[in-house]
Undergrad: 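This is the structure I want to talk about, given as structure tokens.
Throughout, protein chains are lettered first and strands after them, A, B, ... in sequence-line order, and every chain is numbered starting at 1.
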Amino acid sequence: MAEPLLDVRNLSVEFHTLAGIVPAVRNISYRLDRGETLAILGESGSGKSVSSSAIMNLVDMPPGRIASGEILLDGKDLLKMTPAERLEVNGRKIAMIFQDPLSHLNPVYTVGWQIREAMTAHGTPRGEAEAETLRLLGRVGIPEPERAMGKYPHEFSGGQRQRVMIAMALALRPDLLIADEPTTALDVTVQAEVLALLKELQRETGMAILIITHDLGVVAEIADRVVVMEKGVLVESGTVREIYHAPKHAYTRKLIAAAPGKGDMHPPLARREPLLTVRDVRKRYGAFEALKGVSFDLAAGETLAIVGESGSGKSTLARVLLRLDEPDSGVAEWKGRDLFTLSPAELFRLRRDLQMVFQDPTQSLNPRMTVYQLISEAWVIHPDILPKSKWRARVAELLAQVGLSAEHMSRYPHQFSGGQRQRIAIARALALEPKLIVCDEAVSALDVSVQAQVIALLDGLRRDLGISFIFIAHDLPVVRDFADQVMVMRRGEVVELGDVRQVFDAPREAYTQALLAASLDPDPEVQAAHRARRLEPA
Amino acid sequence: MSLSSTENAILPEPHPAARFLRMLWADKFALVSALFLIMVLILAIIGPHWLDDVAVKQNLRGRNLAPFDWSRDWFYWLGADALGRPLLARIIVAAQNTLMVAAGAVLLSSIAGTFLGLVAGFSSPRLGQVIMRLADVIMSFPSLLIAVIVLYLLGSSVLNLILVLAITRIPVYLRTARAEVLEIRERMFVQAARVMGASSRRILFRHILPVVLPTLVTLATLDFAYVMLAESALSFLGIGIQPPEITWGLMISQGRQYLTNAWWLSFWPGLAIILTTLSLNLLSNWLRIALDPVQRWRLEMKGGRHG
């Protein structure tokens, strides 16, 4: 059997904290051959990033410590190398790209300088490096590479920045490219392009790719083999096909079951009296038109999903509806009254009916308030809802409703996991007994399995309490099992608005079709078919 | 409080006071600082009644008496000043004036500065601009110059001194508070409170102030030393506290001309200033962690390990 390029054996990494020794990675082994793509799949806290940081020598030591194991690259143990040898390996043999390219590119140098620097630092003559930089930028698909070399990172879009990072990583023709969540921060259509680029480059250079991701779709699209990690332990490994069709470990099965977009879609609703009627809402920030005339209707107990990529105006629409921003023109009729012309006193009463759940619960919950204070604040502000003597019982009730327990009342937000925090935020919204809850990317920051739980929770609330939802997302599959109506937005305009079945099964507009095609399916076969279809017109 | 008693019923959490004492015990530097400050405070309260006679009694045979002469009375142990007055007794007596002026000025300026900063950061841009330009006016004047003019016009008294020192230090808090408010008001939890219908006052005092406060408290303790020295500079110019009243700063400036042959005249009051501000600083550092629910475990963890 040929020697693998990378062979990780029995690697354990632990962190020394005041709470004692925390094992981040326990006794994991995997191997990667040349020209192969291995995906490390896991949710947050699974240790998937720590294991690759150990390969790049990026674990902070202390508090981190590599407790056992070896990392063999071409048969040589990286962990036993001197710092000078290690430096020679990093960049030249192993390169890395990250989730957020903006924070990994130096903002005060041009991208051309930074790519050249990667080469000259390892001894390439200047002129040669210059020419190679130009070639690489062209190769990764940056338009007008000559001009792009003189530009600074902030002048590029997110997807282009990731391309620049890839160009920089490839500058020294590494044998191994480690990609840590490379597309998580990107729009779906851009994500598909970047993954396709990685695959192409791999075919050209024969490098091995180690991709770290939480997304089954990414695995299906790009990987040959996959290892699944849970809480620092490697639970299962195999080819992508094996893992998807015949998962052996319970955790893998759970992950696959949680992938969105497989359940039944809601049947079309009979037309009912609309609760909220929005007509021709416009909003501009300076010269930028964020909303160019948006209209829709929403009935009681109905869920409207608004899907769009970044810059589509979907969040602006939410902020305008909640009067966090003032619209320039338009009408939003709520129970026969225009939301946008309410007096402050009327607006205060309206707040009870209209609530919002934000994207990142870490930031939307005040870190210095206990759960009890967070939820009961609603009744401090609106004292007529509930007398103070009943607050404690009602908080316990609300916590039970969102799947937490009464003991959590005196804890602070940082003592909870991301999914639990989002439940607290939902309980807080429910405290006002609203008629409509606007969820702005409410599940985007959560792990896949938690995402499914939160969506099920919201759907249950809609059924039981008759609450309407406006559910904003950047990804179509997430809303498939949950929405009654889907509205696709692009650059401040409504591209398509229809019942969920119509939008998913028979999308009318080209943009909706492109979005659907770009979103990744966890099934490798389906994904291969997608890919083939995408390549056809080319 | 009824709220905390019911909380106890659900979770066996320690009483807040016990909890704070345990956290103080976990940080030995903060503990020593707290004890030192309590001692200084007690001395400041009882000192003038207790030692006033001793502190002003001249003894020309004991001029610039060197410290550590254990054969004399205890209040001569730190030496005596140019008129033979015992330094230790004078430091104890001076503690009252010094702390009163410094604490008064710091409290006044921090409260006024914080309030104006909150308003400037949160209200309409126009009002914010007016407040900021006023702060600029104060800052562009040399603070000692304002003090000289004001004290010359109003006459020097402890109250006027506090007022003048407070006004010159307001912009420090104002600018810090405003900058922090501008950042925090855009945070998600403030938006969430607004969606719930919280009033501006509630958002400002319930959500923004608790986040800003630790920074300002740290700033205030640092300012303590500055105010003490500024007060001594004014006293030196003859418009601050006037002899026979004494402060630590005044003692330092009185000892200045003897620095080459009798260092102890300035050294001991200087040490008193340093130890007081250092203690305040250590204590405020502890307080910052103890009041932050996210950081608190650091102290509780340490306490657990030691005891």
Undergrad: Any side-chain heavy atom of B/M188 sitting closer than 4.5 Å to one from A/D360?
TA: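 A side-chain contact is absent here, since even the closest heavy-atom pair is not under 4.5 Å.
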
Undergrad: Which of residues 420-440 of chain A get closer than 4.5 angstrom to chain B, counting heavy atoms alone?
TA: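 Within residues 420-440 of chain A, near chain B: A/R428, A/L432.
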
Undergrad: Surrounding NZ of A/K390 (heavy atoms of other residues, nucleotides or ligands, distance under 6.0 Å), is the total greater than 12?
TA: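 Open.
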
Undergrad: Which atom names give the shortest non-hydrogen contact between A/R368 and B/P214, and what distance separates them?
TA: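 So the two residues come closest at NH2-CG, 3.7 Å.
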
Undergrad: Only one of A/M369, A/H414, A/R411 forms a side chain to side chain contact (heavy atoms under 4.5 Å, CB included) with B/P293, so which one is it?
TA: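 Output: one option passes, namely A/H414.
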
Undergrad: Given heavy-atom pairs under 4.5 angstrom as the criterion, report whether the side chain, backbone, both or neither of A/L322 touches chain B.
TA: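 For A/L322, the side chain is the part near chain B, not the backbone.
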
Undergrad: Using a cut-off of under 4.5 Å on heavy-atom pairs, state which of A/Q415, A/Q359, A/R349, A/Q363 scores highest against chain B.
TA: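 Answer, by heavy-atom pair count under 4.5 Å with chain B: A/Q363.
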
Undergrad: Between A/S364 and B/A192, which heavy-atom pair has the shortest distance, and what is it?
TA: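 Closest approach of A/S364 to B/A192, heavy atoms only: O-CB, 3.8 Å.
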
Undergrad: To check you understand the geometry: which heavy-atom pair defines the closest contact between B/R206 and A/N366, and what is its length?
TA: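 Minimum heavy-atom contact is O-ND2, 4.1 Å.
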
Undergrad: How many angstroms lie between CZ in B/R194 and CZ in A/R319, if you round to the nearest 0.5 Å?
TA: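 The CZ atom of B/R194 sits 8.5 Å away from the CZ atom of A/R319.
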
Undergrad: Taking all atoms of both residues into account, what is the closest heavy-atom pair of A/L324 and B/Q191, and its distance?
TA: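 Taking every non-hydrogen atom into account, CD1-OE1, 3.7 Å.
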
Undergrad: Quick one: are B/F189 and A/P367 in side-chain contact, heavy atoms under 4.5 Å?
TA: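 In contact.
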
Undergrad: Is it true that, when you exclude B/Y226 itself, more than 12 heavy atoms of the residues, nucleotides or ligands shown sit nearer than 6.0 Å to its OH?
TA: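 Result for OH/B/Y226: open.
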
Undergrad: Check each atom of A/L354 against the heavy atoms of chain B and say whether the ones under 4.5 Å are side chain, backbone, both or neither.
TA: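 The backbone, not the side chain.
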
Undergrad: Within the 3.5 Å criterion, strictly below it, is a donor on A/E377 or B/H207 matched to an acceptor on the partner's side chain?
TA: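 There is such a pair between these side chains.
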
Undergrad: Indicate the atoms forming the closest heavy-atom contact of A/I381 with B/G197, along with that distance.
TA: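 So the two residues come closest at CG2-O, 3.4 Å.
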
Undergrad: Is the number of heavy atoms from other residues, nucleotides or ligands within 6.0 Å of CZ (B/F115) greater than 12?
TA: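 12 or below, so no.
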
Undergrad: Would you say that more than 12 heavy atoms from the other residues, nucleotides or ligands in this model lie under 6.0 Å from the CZ of B/R201, or not?
TA: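 Incorrect, the count does not exceed 12.
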
Undergrad: Give, for atom CZ of B/R187 and atom CZ of A/F358, the distance between the pair rounded to the nearest 0.5 Å.
TA: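 If I round to the nearest 0.5 Å, the distance is 14.5 Å.
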
